[in-house]
Novice: 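One structure follows; several queries about it will come next.
The sequence lines fix the lettering, A, B, ..., with proteins before strands; numbering per chain opens at 1.
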Protein chains: 2
Amino acid sequence: MARLAGVSQTTVSLVLGGNKQGIALHEDTRARVFAAARELGYVPDPAARRLAAARNNLLGVFSFTATFPTAVEHSYYPFLAGVEQEAAAQGYDLVLFTGSSSGGAQAGEPGALDRVRLADGCLFLGRHVRGDQLRRLVADGYPAVHIGRRDEPAGLAWVGADYVAASAEVVRHLTGLGHRRVVLVREDDDAPASTDREHGFRAALAECAGRRGADDPAAVVRTGRPAADITPAWVRARLAEGTTAFVAEETDTGGAWRALHTAVAAAGLDAPRDLSLALLGSPPADLAAVRPPTGFDIPRAELGAAAVRLLVAQLAGQERAEPLVACAFRAGDTTGPPPGGPG
Amino acid sequence: MARLAGVSQTTVSLVLGGNKQGIALHEDTRARVFAAARELGYVPDPAARRLAAARNNLLGVFSFTATFPTAVEHSYYPFLAGVEQEAAAQGYDLVLFTGSSSGGAQAGEPGALDRVRLADGCLFLGRHVRGDQLRRLVADGYPAVHIGRRDEPAGLAWVGADYVAASAEVVRHLTGLGHRRVVLVREDDDAPASTDREHGFRAALAECAGRRGADDPAAVVRTGRPAADITPAWVRARLAEGTTAFVAEETDTGGAWRALHTAVAAAGLDAPRDLSLALLGSPPADLAAVRPPTGFDIPRAELGAAAVRLLVAQLAGQERAEPLVACAFRAGDTTGPPPGGPG
DNA sequence: TTGTATGCGTTATCAA
DNA sequence: TTGATAACGCATACAA
């Protein structure tokens with residue numbers, strides 16, 4: 001013990017612990033403690049100090065699929081980048097959990113989510129988190145934050161991208177160019193991320209209809225995987241009906257956008273010459289290079305960081321703040337005025 | 001406490017702790033303890049565990065730059081994939097220590113490394129490791145494994161890719177095609193990864209020279225960042241001297257390969273028609289699609305997994321095994337016989 | 001087969 | 001300004 005070296009004992013904690021309480025210390029004492037510590041190579045045991053502090057400075061990160069899947073494009077990497085940085089800034093370390101691993105022994109078992117309790121609080125990623133277990137965690141007052149909007153279980157804190165506002169902005173960009181009839185291609189599921197985009201889409205079109213007195217031009221198409229119904233013929237039919245712009249939502253595979261892109265090209269059409277295309281999100285890497293679509297970028301790193309801040313605030317007993325993070329509008333090369341002129 | 005739920009208390013440790021000592025336990029008791037634990041969502045505190053037993057089934061990962069940097073190409077992500085999977089298989093949870101992350105509160109502090117002691121052992125990644133702190137950890141007998149060959153501090157265990165063998169194999173592929181004069185373009189630094197590649201390169205060429213009695217055709221060029229000296233004129237000059245093949249080492253930015261690629265194209269030359277090109281590693285994503293180069297792939301996930309196995313073996317007091325992991329030769333489209341025919 | 005007592009290294013509360 | 005002393009939550013030797 002450094003106690004032997006110096007002449008003190010509890011004092012070591014104080015000087016080496018940073019003296020949070022602001023207790024007065026003799027400068028000599030400090031110096032002696034430091035000297036002795038260096039001499040013996042003494043290092044405060046993090047386990048002991050975390051035990052005594054009743055807080056281990058660990059934040060959990062739980063993703064129901066592997067945190068590091070082989071296919072990078074499905075990964076949570078962009079979120080983790082923000083999580084890591086913000087956790088570092090807040091002085092927390094990260095414990096990585098996955099639905100498939102969780103300590104090896106009890107994979108997939110009913111209590112698998114309980115493992116996260118070894119951390120002070122936990123972040124959850126992904127749609128497929130078991131609701132019942134999460135509910136219990138939340139009910140027990142365990143600090144938890146979900147990345148992505150989530151209505152269930154009640155009381156679960158979350159941070160999410162403001163898809164409503166971002167989608168509305170994209171649509172307003174189109175209506176501002178003169179488009180009056182726009183079609184949204186979305187996935188056939190009811191995830192909040194899809195629903196929010198549709199809300200923003202409809203809201204922005206309704207605004208325009210109100211102003212100009214036109215009838216409601218909103219049209220929404222739900223497509224499957226793969227998006228087999230988005231064909232050149234389908235595109236032509238929509239154009240014939242007066243549609244001048246198409247909007248696709250971003251999905252994890254980019255399927256909707258890819259299908260739209262392909263169908264338009266196959267129909268011998270060109271954006272923005274013959275019609276306008278926009279993407280409610282970011283394009284898959286291989287299509288990004290071809291022609292950057294008009295749309296918005298999801299601030300994934302920002303979301304990760306915001307989630308950490310929210311979780312830390314929860315740990316400190318503070319109430320939650322604004323959970324929505326704004327997306328950045330991206331002006332691309334795929335939109336322009338409708339062919340026949342505005343209106 | 002789970003103690004309240006059941007009727008025991010120390011027993012909880014035994015049954016939940018895996019009962020290392022092989023003490024006899026009533027099946028009813030075990031069942032009751034498990035039931036109570038599940039009921040309360042009880043999880044043993046890792047800090048307390050580590051304090052009392054000096055182990056808590058936590059493995060640390062410490063990288064000397066952010067583990068999830070904004071620039072994806074510099075990331076340790078591929079290693080992490082293997083680390084995560086193997087750690088799960090071995091029954092360990094992963095702690096990502098954020099001590100050195102950019103923006104981290106204790107980024108450059110002298111004690112930044114000490115927090116890893118919370119975990120039973122720790123993996124280290126990256127070239128820019130604080131040697132002094134690592135040395136202390138190792139000297140204290142703390143289980144540590146470095147991913148990537150490393151000579152310093154002495155006694156630090158590591159796993160690495162067998163760059164020597166892999167590079168030699170690539171060169172033999174070239175000499176087998178008939179190339180006799182080959183130039184290596186490498187970074188101007190002395191990282192083991194670069195040095196090993198050069199060794200393999202030289203060894204394979206020397207073999208060939210020995211067999212055929214030719215003079216030593218090895219030529220090594222060190223280039224900076226950016227690799228400004230790799231110009232079309234430079235390529236032409238080497239060809240004029242009789243060089244028929246060029247080999248570049250993989251770097252984190254892919255700079256050397258990119259420079260070579262660009263210079264050859266700008267010189268109006270084509271591989272494998274006019275000359276052969278090979279890459280000691282994998283190409284950056286954007287160049288991979290263009291034309292897959294002959295070379296080898298670093299088994300990053302395998303390395304991560306091997307590191308975990310080595311660390312776990314160290315925890316069990318076993319001695320270290322073979323630290324080298326073989327790279328996979330990749331036949332690409334950039335090599336062929338020399339233009340003038342073999343020899 | 002299970003309960004009791006003790007210690008792991010710190011921090012926090014009080015007393016000196 | 002500093003030194004005792006009691007937790008912190010768990011594991012282990014030992015007694016029951």
Side-chain angles (χ1 to χ4, degrees), chain A residues 1-37 40-58 91 93 95 103 114-120 140 142 315, chain B residues 1-37 40-58 93 111 114-120 137 140-142 315:
Chain A
M1 315 290 184
R3 6 212 131 182
L4 299 184
V7 267
S8 30
Q9 130 357 118
T10 299
T11 316
V12 173
S13 266
L14 269 184
V15 19
L16 259 45
N19 191 3
K20 298 289 187 187
Q21 292 110 95
I23 294 182
L25 288 179
H26 210 98
E27 194 48 50
D28 292 358
T29 316
R30 273 177 51 86
R32 245 178 311 151
V33 171
F34 278 125
L40 308 195
Y42 167 84
V43 175
D45 184 334
R49 79 186 331 181
R50 292 176 191 207
L51 178 58
R55 154 170 300 206
N56 52 30
N57 274 306
L58 253 31
D93 292 315
V95 189
D114 281 331
R115 265 203 85 60
V116 306
R117 293 183 194 251
L118 105 201
D120 291 338
D140 290 354
Y142 181 80
L315 288 172
Chain B
M1 319 284 187
R3 3 213 131 181
L4 298 185
V7 266
S8 28
Q9 13 1 82
T10 299
T11 316
V12 173
S13 268
L14 271 183
V15 19
L16 258 44
N19 193 3
K20 299 290 185 186
Q21 292 110 99
I23 293 182
L25 287 177
H26 209 99
E27 195 48 51
D28 293 358
T29 315
R30 272 177 52 86
R32 245 177 312 152
V33 170
F34 277 126
L40 309 195
Y42 168 83
V43 169
D45 183 313
R49 236 174 142 96
R50 174 115 180 108
L51 187 56
R55 31 181 253 93
N56 56 14
N57 267 46
L58 253 32
D93 282 318
D114 288 326
R115 31 200 333 210
V116 307
R117 294 177 192 261
L118 174 66
D120 291 347
L137 240 29
D140 289 355
Y142 181 81
L315 290 174

Novice: Tell me every residue that passes side-chain hydrogen bond (donor to acceptor under 3.5 Å, both in side chains) with B/Asp45, counting only those two or more places apart in sequence or in another chain.
Specialist: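 So B/Asp45 forms no side-chain hydrogen bond (donor to acceptor under 3.5 Å, both in side chains) with any residue.
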
Novice: Tell me what A/Leu14 touches on the nucleic acid: a base, only sugar-phosphate, or nothing, going by heavy atoms under 4.0 Å.
Specialist: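 Counting heavy atoms under 4.0 Å across all strands, no contact is made by A/Leu14.
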
Novice: Give a yes/no answer on whether the side chain of A/Arg49 brings an N or O atom under 4.0 Å of OP1 or OP2 in C/dT11.
Specialist: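 Yes, within the criterion.
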
Novice: Take atom CZ of B/Arg55 and atom C1' of D/dT12, then tell me their distance rounded to the nearest Å.
Specialist: 13 Å

Novice: Would you compute the distance between atom CZ of A/Arg32 and atom OG1 of A/Thr11 and round it to the nearest 0.5 angstrom?
Specialist: 9.0 Å

Novice: State which of D/dG9, C/dT10, D/dC10 makes the closest approach to the side chain of B/Ser13.
Specialist: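 My answer, after comparing the listed nucleotides, is D/dC10.
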
Novice: For the helix from C/dT1-D/dA16 to C/dA16-D/dT1, figure out the bend between the end axes, five pairs an end, and round to 10 degrees.
Specialist: 40°

Novice: Going by the rule side-chain hydrogen bond (donor to acceptor under 3.5 Å, both in side chains), which residues pair with B/Asp120 if we only count those two or more places apart in sequence or in a different chain?
Specialist: B/Arg50

Novice: Please classify the nucleic acid contact of B/Ala53 as base, sugar-phosphate, or nothing, using heavy-atom distances under 4.0 Å.
Specialist: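 Sugar-phosphate contact only.
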
Novice: Ignoring hydrogens, what is the shortest heavy-atom contact between B/Val116 and B/Tyr142? Give both atom names and the distance.
Specialist: O-OH, 2.7 Å

Novice: In chain order, what residues pass the side chain to side chain contact (heavy atoms under 4.5 Å, CB included) check against A/Leu118, with sequence neighbours excluded?
Specialist: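 For A/Leu118, the residues satisfying side chain to side chain contact (heavy atoms under 4.5 Å, CB included) (neighbours in sequence not counted) are A/Val95, A/Phe97, A/Arg115, B/Val43, B/Pro46, B/Leu58, B/Asp93.
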
Novice: In whole angstrom, what separates A/Leu118's CG from D/dC10's C1'?
Specialist: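 The answer, rounded to whole Å, is 14 Å.
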
Novice: State, yes or no, whether a side-chain contact exists between B/Tyr42 and A/Asp114 at a heavy-atom distance under 4.5 Å.
Specialist: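 With C-beta onward as the side chain, the pair stays apart.
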
Novice: If the condition is salt bridge (charged side-chain N to carboxylate O under 4.0 Å, His left out), which residues does A/Arg30 pass it with, not counting sequence neighbours?
Specialist: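 With neighbours one apart ignored, the set is A/Glu27.
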
Novice: Select one nucleotide: of C/dT1, C/dT11, D/dG9, the one nearest the side-chain heavy atoms of B/Leu51.
Specialist: D/dG9

Novice: Choosing from C/dG9, C/dT10, D/dT2, which nucleotide comes nearest the side chain of A/Thr29?
Specialist: D/dT2

Novice: Given C/dT10, D/dA11, C/dG3, identify the nucleotide with an atom nearest to the side chain of B/Thr11.
Specialist: C/dG3

Novice: Can you tell me the distance, in whole Å, between the CG atom of B/Asp45 and the P atom of C/dT10?
Specialist: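 Value for this atom pair: 16 Å.
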
Novice: Name the nucleic acid region contacted by B/Leu25, choosing base, sugar-phosphate or nothing; use a 4.0 angstrom heavy-atom cut-off, strictly under.
Specialist: sugar-phosphate

Novice: Whole-Å distance between C/dT2 C1' and B/Glu27 CD?
Specialist: 15 Å

Novice: Rounded off to whole Å, could you give me the CG-to-P distance for the A/Asn56 and C/dT11 pair?
Specialist: 15 Å

Novice: Could you state the atom-to-atom distance from CZ of B/Arg50 to C1' of D/dT12 in whole Å?
Specialist: 17 Å

Novice: For residues A/Leu25 and A/Thr29, determine if any side-chain heavy atom of one lies less than 4.5 Å from a side-chain heavy atom of the other.
Specialist: no

Novice: Minimum heavy-atom separation for B/Ala47 and A/Leu51, please, with both atom names.
Specialist: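 In this case the closest contact between B/Ala47 and A/Leu51 is CB-N, 4.0 Å.
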
Novice: Using a heavy-atom cut-off of under 4.0 Å over every strand shown, decide if A/Val43 touches base, sugar-phosphate, or nothing.
Specialist: sugar-phosphate

Novice: With sequence neighbours left out, what residues match A/Arg49 under side chain to side chain contact (heavy atoms under 4.5 Å, CB included)?
Specialist: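 Expected list: A/Pro44.
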
Novice: Using whole Å, report how far CG of B/Asp140 lies from P of C/dG9.
Specialist: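 Checked: the CG to P distance equals 13 Å.
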
Novice: Write down the protein N/O and nucleotide N/O pairs, taken from nucleotides 13-16 of chain C, whose separation is under 3.5 Å; answer none if there are no such pairs.
Specialist:
none

Novice: Round to the nearest Å and state the distance from A/Arg117 atom CZ to D/dG9 atom C1'.
Specialist: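 Distance check: A/Arg117 CZ to D/dG9 C1' gives 16 Å.
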
